[in-house]
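First comes the structure, then the notes that go with it.
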Amino acid sequence: MTTKKNLPSDNLSIGSERTGHRALLFGLGLNRGDLQKPLIGIANSFTDLVPGHIHLNELSAVIREGICAAGGIPREFHTLAVCDGLAQGHSGMGYSLPSREVIADTIEIMARAHCLDGLVLLCGCDKIVPGQLMAALRLDLPTILVTGGCMEAGRHGSYDRLALSNMRELAGAAAAGQISAAELAACEEAAIPGAGSCAMLGTANTMSCLGEALGMTLPGMGASPARSAFKARLARASGERAVSLVRENLTPRSIITRQALLNAIAADMALGGSTNSILHLLALASEAKTKLSLEDFDQIGSSVPHLCDLLPSGTYALADFFHEGGMPALLHELDPLIDKSAITVSGLGLGRAGGQFLASQPRIESRRVIRPLGSPLHPSGGLVILRGSLAPEGAVVKLSALAKSVFVTEGPARPFNLMEDAVTATLEGRINEGDIIIVRYEGPKGGPGMREMHMLSSILRGMNSASAVVTDGRFSGSSRGLCIGHVSPEAAVGGPLALVESGDRIRIDIPARKIDILVPQSELALRKQDSPLKPAREGILERYRTLVASASEGAILRPADR
C-alpha cells in the first residue's frame with residue numbers, strides 16, 4: 001500500500017473541516033483505509049460513435065486492476081472524441097481541431113476540481129491524444145498515456161490491406177468509372193474490420209507513436225494492436241506504474257522537455273507521419289513552456305531520413321510495423337540521431353527502456369517495414385516546411401506521400417473559398433490537369449476550425465489527377481499527393497492566399513523548400529482588401545475564432561487581449 005503524503009487528495013480527506021468531502025467519498029463505496037491511498041484519475045475517451053474508442057472500456061477495466069494492485073484508488077471520467085473520418089467533408093470537420101482544446105480543458109477541470117493525485121490518459125484518435133497530453137503538461141501531475149491501439153487492416157478481393165484512406169480514393173475511382181458501384185460497396189463493408197485507430201499511419205497512429213517517442217508511454221504502446229493481449233497487459237502495467245509515478249513525483253514537464261520534443265520530431269520524420277503532428281507538437285511545446293518552431297522541423301527533417309514503408313503512402317499497415325518491433329525498433333535504428341537519455345514514464349532513459357523491450361521480444365528478422373538508416377526510403381524526413389511569397393510564415397507538405405515527378409510544379413491557380421465548391425468542380429470535370437487548386441478561408445480563424453481537405457485530395461487521387469491542392473486548412477494524415485496545408489498567414493487575416501486570382505501562376509519547389517505566387521508585389525498590393533470571413537456561428541466555433549493563433553504556432557488558443 002502507498003501511504004499518502006502531501007498529495008492533492010489530502011484536500012478531500014484530511015482535517016475536521018473535510019467531513020463533507022469524506023462523506024461523499026464514503027458514498028462512492030470507499031472506506032477509511034482507502035483515503036490513505038493515492039487517487040488516480042482515468043481520463044477515458046470511450047464512445048460508441050468512434051471505432052477507435054469503442055473498446056476503451058475494456059482497457060479501462062484492466063487499468064483499474066493495475067491501479068488497485070499497486071495500492072491506488074481509480075476514479076474514471078470521460079472526455080469527448082470526434083472521429084475525423086465521420087466528420088470529413090461537411091461542416092462537422094470545423095469542430096475537430098477545436099475539440100483538442102476542449103479535451104485539455106475537460107481534464108484540467110476534472111483533475112483540479114476533484115484533487116486527483118495522478119492520471120492515466122486513455123485515448124486513441126486524432127485530436128484526443130494531443131488534447132490529453134496538453135492537459136497532462138498543463139496540470140503537471142504524475143501521468144501515463146495508454147493509447148487504444150490500431151485496428152487490423154481490412155481485406156477484400158485483391159485488396160489485402162484496406163484502410164479508411166482507400167475508401168475516399170475508391171469513391172474517386174468509381175466516379176471516374178474505374179471500378180463498379182458493387183465493388184465500392186463491398187470495400188465499404190470490409191475496410192473497417194473492428195475496433196482501433198484506422199490501420200494506416202494517419203494522425204491517430206502518428207500521435208500514438210509520438211506519445212511513446214516523447215516518453216509518456218511504456219515501451220511498445222504506440223503501435224500495439226487494439227485487441228491484442230499485449231495491449232491489455234501493457235494497459236494493466238500502466239495502471240500499476242501510475243501509482244509509482246505519484247510515489248516518485250515524476251511529472252510530464254520533467255519528461256516532455258525540449259529534447260524529448262526534438263526526439264519526437266526525429267521519430268515523426270522517420271515514420272513519415274501526418275502533417276497534423278506539427279500542429280500538435282507545437283501545441284505541446286506551448287503547454288510545456290519550452291520553445292519549438294517550424295525551423296526545428298525543417299532542421300531535423302533535413303538530417304533524419306524517412307525509414308518506414310507505411311500506408312497510406314507506402315505498403316504496410318501499422319500492425320505490420322508493430323510486429324517488426326514498433327517504436328522501440330525504430331528508435332533503436334535512429335540511435336545516433338536522438339537523445340537516448342531522455343527520461344520516460346518507465347523511469348528509464350528512452351534508449352534503455354526500448355532496449356529492454358526489444359530484448360524481451362522474439363528476434364525480428366524482417367526489415368520490410370523499418371528500413372535501415374543507411375538504406376532509407378527517402379534521404380530526408382517525411383515532412384517538409386515550405387516558405388515563399390505565398391506562405392511567408394510557412395506551409396507543410398508530406399514528402400513521403402509524393403512522387404518525385406511533382407517535386408517541382410508550376411501551374412495556374414484555381415481558387416475556391418470553400419472546400420465543397422472545389423469538390424464539386426472536380427467531380428464535374430472543371431479542373432484541368434496541372435491546375436493548382438487553392439482552397440482558402442479554411443484556416444484556424446477562417447473556417448473557423450481549420451478543416452481537413454481530405455475529401456478533395458482523395459477524390460483527386462482516386463481520379464488519378466496530379467493537380468496540387470494548396471490550402472490554409474489541414475489534410476488528413478491519410479492524404480496522398482501534392483497536398484500543401486497550414487499556409488500561414490491564413491487568408492482570413494490577410495495572408496497572400498487571399499489575394500490569389502484565377503490563372504495566377506503558382507510555383508512549388510519541394511527541394512528548394514519554396515512556394516511562390518508569380519505575381520509582382522506591386523500587383524498584389526493593389527489587390528489588398530478586407531477578408532470575406534464566413535458568417536459568424538453561434539457557440540464554440542465563434543469563441544475559437546476569437547482566440548486561436550496561427551497554424552505556424554500550433555493553432556493554440558491565446559488570451560483575448562493578445
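Just the heavy atoms: all of them, side chains too, but no hydrogens, waters or symmetry mates, feed the values below. The model shown is predicted, which means the values in this text are computed figures rather than measured ones.
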Going by the rule side chain to side chain contact (heavy atoms under 4.5 Å, CB included), which residues pair with Met453 if we only count those two or more places apart in sequence or in a different chain?
Met419, Val439, Glu442, Arg451, Thr471, Phe475
Taking it one step at a time, do Thr79 and Thr106 satisfy side-chain hydrogen bond (donor to acceptor under 3.5 Å, both in side chains)?
CA-CA 7 Å; Thr79 70; Thr106 298; over 6 Å; no
Do the ring planes of Phe357 and Phe230 sit parallel (below 30°), tilted (30 to 60°) or perpendicular (above 60°)?
perpendicular
Charged N-O contact under 4.0 Å between Arg253 and Glu287
no
Listed by chain and number, what are the side chain to side chain contact (heavy atoms under 4.5 Å, CB included) partners of Pro372, not counting sequence neighbours?
Glu333, Arg367, Ser375
Going by the rule side chain to side chain contact (heavy atoms under 4.5 Å, CB included), which residues pair with Ala329 if we only count those two or more places apart in sequence or in a different chain?
Leu358, Ile370
Name each donor-acceptor pair under 3.5 Å that joins a side chain in residues 345-355 to protein atoms two or more places apart or in another chain, with its distance.
{"from": "Ser346", "atom 1": "OG", "to": "Thr344", "atom 2": "OG1", "distance (Å)": "2.5"}
{"from": "Ser346", "atom 1": "OG", "to": "Leu348", "atom 2": "N", "distance (Å)": "3.2"}

Quick one: do Ser99 and Lys127 satisfy side-chain hydrogen bond (donor to acceptor under 3.5 Å, both in side chains)? Show the steps, please.
CA-CA 7 Å; Ser99 77; Lys127 311 307 167 294; over 6 Å; no
Ser277 (side chain) donor-acceptor with Ser274 (main chain) under 3.5 angstrom
yes
Hey, are Arg112 and Glu108 close enough for a salt bridge, meaning a charged N less than 4.0 Å from a carboxylate O?
no
Listed once per pair and sorted, the side chain to side chain donor-acceptor pair (under 3.5 Å) pairs that draw on residues 205-217, sequence neighbours left out
none
State plainly whether the residues Glu248 and Arg241 are in salt-bridge range, i.e. N to O under 4.0 Å.
yes
Between the side chains of Asp335 and Lys340, is the shortest nitrogen-to-carboxylate-oxygen separation below 4.0 Å, so that they form an ion pair?
yes
Residues that Ala283 engages under side chain to side chain contact (heavy atoms under 4.5 Å, CB included), provided they are two or more places apart:
Arg100, Met134, Ile556
Working note: Asp126 + Asn276, criterion side-chain hydrogen bond (donor to acceptor under 3.5 Å, both in side chains); need CA distance, chi angles, decisive distance, verdict.
CA-CA 9 Å; Asp126 299 34; Asn276 288 313; 5.2 Å; no
